[in-house]
Amino acid sequence: SEPSFKRSIRKNDTANYYTSTKTMYDMKSNNFHAYLDYSDINPTTMDGISANVLYAYWGGNTDDNVSEDFTDANFLRLPNSNYLEKHNTSDVYLHYGKAKFDYTKSFENQSKIELGANSEYYFINNDSKYNVFDSETKVWTLNTNYTNQMDFDCFINSAYATYSDNLSIFNYKLGVRAESFNRELKQLTSNKSNKNDFFSIFPTVHIGTQFDDYKSAALSYSRRITRPDPQQLNPFPDFEDNNIISIGNPDLKPSYSDLFELQYNDVYMLNFLYFSANVFYANSKDVINRTFREMPNGKDVISPVNNGSSKSLGSELTFSFAPFKWWKLNLVGTYSYSEVESESGVFAKRTFNSYNWRIFSNFVLSNTTFMSVNAVYNGKGIQPDGETEPVFYLSGGIRQTLFDNKLTLSLNVQDVFGYTYKYKNFLPGKVLTGDVFPKSQVISLGISYKINDYKPTQKKSDDTRIDFNGAGGGM
């Protein structure tokens, strides 16, 4: 891919300089995964036990070439303006293992218990080498200030229990999930290690009612977690461009959110039209925000820190139309009012309204040919230290099955019109504006072949199920 970036650096509303950045990014990888599944489940009651083990490996090399130029206010390159060329290579490999066990038991009074345990392990090694081109000597030089090697180990062990039953016209489910999260980041270049252990409890409550065969409502509460990624934890400097250096924070904590939801569902005209309304409130603590520090040479150092909070109140409306067997249309619209706070941002507190909508249109052209067209609009986004302009995104694809549905060919096109991502970052005494846009659309071709008709046994879909992966998901 070849994205481009345009930036203007301003101090006190006066443009100091403009830059244009071009990136050539190449990645080569190989991967392997193995999956073992066992289940002994009653197909009528869905009671029984299930267990599975997964191992996955991903290894690859990324090659990142970046050039920056001074430009005029129209982002046209100035003569002899090339002031930065860098070449960054990273060898990365990931080992991932997962073991999961679930047990379900129903009783005569329609109550049910579910018990389970889950264990996950991540190991990531990243060896990054940073080279800078000297425009005078025309020589590439290894910059040891940004060249580093890192290991990241992460264990996530959890157990859960749920109990569901009916009470008069209501159905309810109560659940709790206990999680132990242990991580260690080893900065091999600087010979430093940071180890952190976290223990968390995730309660979940769901209360619902069925008015008739078509109408239902539900009220739920869940606690969720967002974990920092390894790059946010890496304390070694990462050279972003000639003006900004980012440094990770190995002491970052996970961010926790309390989510309350009220949902109403209705089906009209024998599944011709489906409608769903959802009202939600989310309260997040220890939100990860960025801190800014200007160095004597004018460069800015960015580091993440847990010093923020956010509150959001909003609603999501979903309409699903299926007027013909060959066409289905889904419309999703979301509105929210949010309040974000930060101890380190230029703005200590910001409030804003956000809107977005999504359209998913699926067509059955024949028994073996399927097509989809998807459109997404994201409204203006606000953060304590920046904001983004609205974005419209269109994609589409077609899928063809052959040889009794054993062979599948798929063709997908992303970003049909080529959107431009516009943003502003507010730094102390500065405003950094930028445009990010791809040079071309992304077209992907997929081929798969099914060698047998094996279908794993799965539990029935249930609107009252607890998504513990969502409650404790993320890395």
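For reference, positions follow the sequence shown, starting with 1.
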Side-chain heavy atoms of Phe275 within contact of Leu317, under 4.5 Å: yes
statement: Taken in chain and number order and not counting sequence neighbours, the residues that satisfy side chain to side chain donor-acceptor pair (under 3.5 Å) with Asn356 are Arg358
field: Steps toward side chain to side chain contact (heavy atoms under 4.5 Å, CB included) verdict (Ile225, Phe202)
entry: CA-CA 9 Å; Ile225 184 173; Phe202 299 95; 3.8 Å; yes
Spatial distance of atom CD (Glu261) from atom NE2 (His206) [nearest 0.5 Å]: 10.0 Å
query: Partners of Gln400 by side chain to side chain donor-acceptor pair (under 3.5 Å), sequence neighbours excluded?
result: Thr368, Thr369
Those residues that, when tested against Ser111, pass side chain to side chain donor-acceptor pair (under 3.5 Å) (two or more places apart): Asn109
- prompt: Can you name the residues that form a salt bridge (Lys or Arg N to Asp or Glu O under 4.0 Å) with Asp212, not counting sequence neighbours?
  reply: Lys215
task: Mark yes when over 12 heavy atoms from residues, nucleotides or ligands other than Trp327 sit less than 6.0 Å from its CH2; otherwise mark no.
output: no
- prompt: Is the CZ atom of Phe403 crowded by more than 12 outside heavy atoms at less than 6.0 Å?
  reply: no
field: Residue list, salt bridge (Lys or Arg N to Asp or Glu O under 4.0 Å) with Arg399, at least two apart or on another chain
entry: none
- prompt: Under 3.5 Å, side chain of Thr209 to main-chain N/O of Ile169, donor-acceptor pair present?
  reply: yes
- prompt: Looking at residues at least two apart in the chain, or sitting in another chain, which of them share a salt bridge (Lys or Arg N to Asp or Glu O under 4.0 Å) with Lys349?
  reply: Glu339
query: For Leu233 and Pro228, which heavy atoms make the closest approach, and how far apart are they?
result: CD2-CG, 3.9 Å
message: Run Val92 and Asp127 through side chain to side chain contact (heavy atoms under 4.5 Å, CB included) and show every step you take.
response: CA-CA 6 Å; Val92 183; Asp127 186 3; over 6 Å; no
